[in-house]
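Each remark here refers to the structure printed beneath this line.
Naming: A, B, ... by sequence-line order, numbering from 1 per chain.
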Number of protein chains: 2
Amino acid sequence: MGCIMDTTNLTRKKTSRRVTMEDVGKMAGVSQVTVSRALSDPDKVSAKTLKKITDAIDATGFVPNAIAGALASQKSNLVSALVPSITNIVYSAAVASFSSVMREHGYQVLLSETGFDPADEEAMILTHLSRRPDAVLLTGIHHTAKARKMLLASDIPVVEIWDVTESPIDICVGFSHDKAAAMAAEFAVSNGYGMAATVSASDERAQRRRNAFEMRFAELTGTKVEYAVQCEHASLANGRAGLRALQGQQMTPGTFVFCSSDVLAHGMLIEANAQGLTVPSDVAIMGFGDQEFAAHTEPSLSTVRVDRAKLGSSAAMALLSRFENAVPVAPVNDIGFEIVKRTSA
Amino acid sequence: MGCIMDTTNLTRKKTSRRVTMEDVGKMAGVSQVTVSRALSDPDKVSAKTLKKITDAIDATGFVPNAIAGALASQKSNLVSALVPSITNIVYSAAVASFSSVMREHGYQVLLSETGFDPADEEAMILTHLSRRPDAVLLTGIHHTAKARKMLLASDIPVVEIWDVTESPIDICVGFSHDKAAAMAAEFAVSNGYGMAATVSASDERAQRRRNAFEMRFAELTGTKVEYAVQCEHASLANGRAGLRALQGQQMTPGTFVFCSSDVLAHGMLIEANAQGLTVPSDVAIMGFGDQEFAAHTEPSLSTVRVDRAKLGSSAAMALLSRFENAVPVAPVNDIGFEIVKRTSA
DNA sequence: CTGTTAGCGCGTTCAC
DNA sequence: GTGAACGCGCTAACAG
């Protein structure tokens with residue numbers, strides 16, 4: 001008997017249960033269902049019971065259990081977003097506008113970093129799918145075969161952002177990195193540069209831009225892009241080192257340097273200034289991205305503008321209209337880009 | 001009859017149900033529970049049935065339903081993180097290290113932006129709590145009374161980061177902004193500066209630093225901080241404008257300028273260079289944060305180092321050991337800061 | 001080692 | 001306008 005009493009006490013010790021709709025209903029003198037209705041569709045409940053319910057809700061401090069709701073309704077109001085890095089403003093800015101639009105429509109965003117490895121991404125995708133998101137946002141168009149398969153099997157909308165492809169998993173919104181870089185090469189040539197170099201980060205899209213730039217520049221001028229440096233990631237330090245590396249390659253004065261990102265370009269600008277070089281006459285520098293600071297460096301940075309806010313909101317809108325499934329959503333959405341000529345090149 | 005058949009067809013049209021543990025079990029010739037065990041505790045299942053189960057899992061493409069799991073076990077393996085802005089690297093870096101540690105321990109992070117308004121934060125908190133996170137991470141120590149109440153009632157661990165206070169909701173990990181700014185003032189004085197100015201963003205912590213700097217500087221030198229400019233947010237553009245504004249206030253050459261962030265300081269550096277001014281003799285500039293770029297500006301930036309990665313991981317570890325509830329967790333964790341003297345001041 | 005029985009807290013029918 | 005009954009897919013006791 002003493003034993004039984006002990007057990008009872010231990011059970012009691014479990015901190016008091018969270019308040020449920022049942023509890024709220026009891027206090028308001030109605031059933032659980034009515035509480036549920038009062039929250040999801042207040043018009044379907046009489047004014048007076050509604051009042052009793054809302055009173056009971058803030059008397060008890062009731063917080064709806066979205067987990068239970070999701071299980072019952074088969075709708076989580078959650079969307080997953082997978083980006084390589086959240087500390088890279090280029091990705092976080094797009095996600096921020098994406099999240100903001102989704103939130104306005106009642107969705108929360110479960111955000112994770114995948115790094116740049118598709119295998120890691122695949123593992124993340126599985127974890128995310130287990131939370132039964134109503135949609136998934138992915139960065140880039142390269143994913144493992146198994147990832148594609150899981151996504152397809154999950155039967156929910158998927159947007160891939162930052163790139164365009166003829167064969168998206170479902171929807172893609174982005175722009176052609178090849179075209180953007182090719183146009184940068186055309187910009188260089190039409191501004192009279194006969195020599196070019198590249199400094200780029202090691203991620204796949206940066207490499208693709210670099211190649212496209214080099215190819216188009218050679219095509220246009222007949223002269224190969226002689227100087228190239230590759231660095232791990234985009235940082236001021238790597239930009240400065242990049243210019244020094246190029247100089248180590250005996251880069252000719254007056255060369256046009258295409259950087260894979262504005263940050264790298266900014267680093268080169270700083271290094272050039274520190275060395276007493278004049279930009280663009282000694283070195284011409286072009287960035288990529290048109291980040292907020294690009295217009296305010298000295299000299300201001302010529303770059304390729306990509307509308308990150310639009311990227312995010314377009315992705316959100318695509319998903320949203322996919323949920324309504326009234327009108328069919330275009331599978332490939334090209335938001336384009338824009339060459340911005342300022343003073344660094 | 002025809003009517004009934006139609007209805008049946010419509011029902012059938014609902015896309016084929018997702019595969020459940022029940023389905024997997026059926027295929028493997030075991031019950032649903034055994035499947036559950038096979039996944040959560042493989043040792044408790046015989047080798048041969050385990051094999052049959054794993055075979056069935058990848059034959060069917062089964063993806064566990066974490067929603068149902070969370071409802072049944074009363075554990076979501078989800079933690080909420082609320083930050084003012086995810087595009088501000090200062091916050092996203094801390095969250096990235098936080099997430100990384102949490103993920104290693106099986107938790108996913110539900111991240112949302114709150115902006116800088118406590119009322120907005122309160123609304124977000126409610127939404128997040130409805131997902132029944134196992135813990136919550138908050139930025140700063142100022143929250144509405146209702147927010148505190150909800151958090152307390154939720155009875156889950158809460159970490160507040162970026163600041164320390166004697167009365168955290170639960171746990172806080174950060175540093176004293178007052179002390180950091182006061183020490184920046186001491187740095188200025190001990191380096192011989194007799195005049196000071198401030199340029200700061202409008203958020204609460206930045207203002208607190210500004211005030212603490214001004215107070216300590218006046219205390220030490222007997223001369224009031226004459227020049228001050230405030231701007232909406234930290235950006236290169238606002239840093240450049242800040243220097244010009246200070247000049248508009250007839251700031252004496254050789255003044256020490258304390259900026260509320262490295263980005264603002266970097267902007268000032270650029271503006272100074274553009275004007276042909278020499279730093280630090282014409283203007284001395286100090287930043288705050290020691291972001292990655294601070295060592296690579298020209299001249300390199302003196303600043304106050306805050307270890308953002310440690311901030312995030314400490315917060316994660318505090319929560320984690322709170323989950324184990326073996327040893328009690330210290331309610332206030334001060335990770336400190338460090339004055340970094342480089343060449344801009 | 002495996003299966004049975006109960007819920008978890010809500011939404012979704014249906015009755016009334 | 002309101003309630004009873006059922007089920008979402010899983011974990012947590014138990015029993016065998």
Side-chain angles (χ1 to χ4, degrees), chain A residues 7-8 10-11 14-26 28-53 56-57 60 62-78 106 129-132 134 154, chain B residues 7 10-11 14-26 28-53 56-57 60-78 106 129-132 134 154:
Chain A
T7 312
T8 310
L10 283 172
T11 306
K14 285 192 163 186
T15 55
S16 56
R17 251 190 338 88
R18 289 286 274 284
V19 13
T20 70
M21 286 187 175
E22 189 71 49
D23 301 329
V24 174
K26 213 161 291 176
V30 297
S31 75
Q32 172 263 320
V33 214
T34 306
V35 178
S36 173
R37 268 193 289 253
L39 290 174
S40 58
D41 205 348
D43 312 313
K44 310 196 85 177
V45 170
S46 80
K48 64 177 65 170
T49 60
L50 184 57
K51 168 114 181 67
K52 285 192 295 186
I53 290 173
I57 285 179
T60 55
F62 170 69
V63 175
N65 186 329
I67 303 252
L71 183 60
S73 67
Q74 305 283 70
K75 183 152 198 334
S76 61
N77 290 309
L78 201 77
L129 287 181
S130 76
R131 301 240 177 232
R132 296 295 185 267
D134 293 333
S154 76
Chain B
T7 312
L10 282 172
T11 307
K14 284 191 164 186
T15 55
S16 55
R17 250 189 338 86
R18 289 286 275 283
V19 11
T20 69
M21 286 187 175
E22 189 70 50
D23 301 330
V24 174
K26 212 162 292 174
V30 296
S31 76
Q32 172 264 320
V33 213
T34 306
V35 178
S36 173
R37 266 192 291 253
L39 290 174
S40 57
D41 206 346
D43 313 312
K44 311 196 83 178
V45 170
S46 80
K48 62 177 66 170
T49 61
L50 184 57
K51 166 113 180 69
K52 286 192 294 185
I53 289 173
I57 286 179
T60 55
F62 169 69
V63 176
N65 186 329
I67 304 253
L71 184 59
S73 67
Q74 305 283 69
K75 184 153 196 334
S76 61
N77 291 310
L78 201 76
L129 287 181
S130 76
R131 302 240 177 231
R132 297 296 186 265
D134 293 332
S154 76

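A search for side-chain hydrogen bond (donor to acceptor under 3.5 Å, both in side chains) contacts involving T49(A) returns S46(A), not counting sequence neighbours. With sequence neighbours left out, K44(B) forms a salt bridge (charged side-chain N to carboxylate O under 4.0 Å, His left out) with no residue at all. Among residues two or more places apart in sequence or in another chain, the side-chain contact (heavy atoms from CB on, under 4.5 Å) test is passed with T60(A) by V19(A), V24(A), M27(A), F62(A). In this view, A28(A) and V30(A), K52(A), I53(A), A56(A) satisfy the side-chain contact (heavy atoms from CB on, under 4.5 Å) rule, not counting sequence neighbours. The side-chain contact (heavy atoms from CB on, under 4.5 Å) search around S73(B) returns K75(B), not counting sequence neighbours. Considering only residues two or more places apart in sequence or on other chains, K51(B) meets the salt bridge (charged side-chain N to carboxylate O under 4.0 Å, His left out) condition with D55(B).
For the pair S73(B) and D43(B), both in contact range of DNA chain C, the more 5′-proximal nearest nucleotide belongs to D43(B).
Each end of the helix from dC1(C)-dG16(D) to dC16(C)-dG1(D) gets its own rotation axis from five pairs of C1' atoms, and the angle between them is 30° to the nearest 10 degrees.
Atom-to-atom, CE of M21(A) to P of dG3(D) comes out at 14 Å; the value is rounded to the nearest Å. Note: CZ (R131(B)) to P (dG9(C)) measures 17 Å, nearest angstrom. Summarising the geometry, the separation between CZ on F62(A) and C1' on dG9(C) is reported as 9 Å, rounded to the nearest angstrom. Straight-line distance from the CG atom of N65(A) to the P atom of dG7(C): 18 Å, rounded to whole Å. The CG-P distance, from N77(B) to dC8(C), rounds to 20 Å in whole Å. The nearest whole Å value for the distance from the CG atom in L71(A) to the P atom in dT12(C) is 12 Å. Computed from coordinates, the L39(A) CG to dT12(C) P distance equals 13 Å when rounded to whole Å. We find that CZ of R132(A) is positioned 19 Å from P of dG11(C), with the value rounded to whole Å.
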With 3.5 Å as the limit, what N/O pairs link the protein to nucleotides 2-6 of chain C?
unit_1 : atom_1 : unit_2 : atom_2 : d
dT2(C) : OP1    : S46(B) : OG     : 3.1
dT2(C) : OP1    : T49(B) : OG1    : 3.3
dT2(C) : OP2    : S46(B) : N      : 2.9
dT2(C) : OP2    : T49(B) : OG1    : 3.1
dG3(C) : OP2    : S31(B) : N      : 3.1
dG3(C) : OP2    : S31(B) : OG     : 3.2
dG3(C) : OP2    : T34(B) : OG1    : 2.5
dG3(C) : N7     : R37(B) : NH2    : 2.7
dG3(C) : O6     : R37(B) : NH1    : 3.1

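A side-chain hydrogen bond (donor to acceptor under 3.5 Å, both in side chains) check over residues 28-42 of chain B, counting only residues at least two apart or in different chains, returns the pairs S31(B)-T34(B).
In terms of phosphate contacts, S36(B) brings a side-chain nitrogen or oxygen within less than 4.0 Å of OP1 or OP2 of dT11(D).
A distance of 9.0 Å separates CZ of R132(A) from OG of S154(A), quoted to the nearest 0.5 Å. Residue N65(B) holds its CG atom at 9.0 Å from CE of M21(B), rounded to the nearest 0.5 Å.
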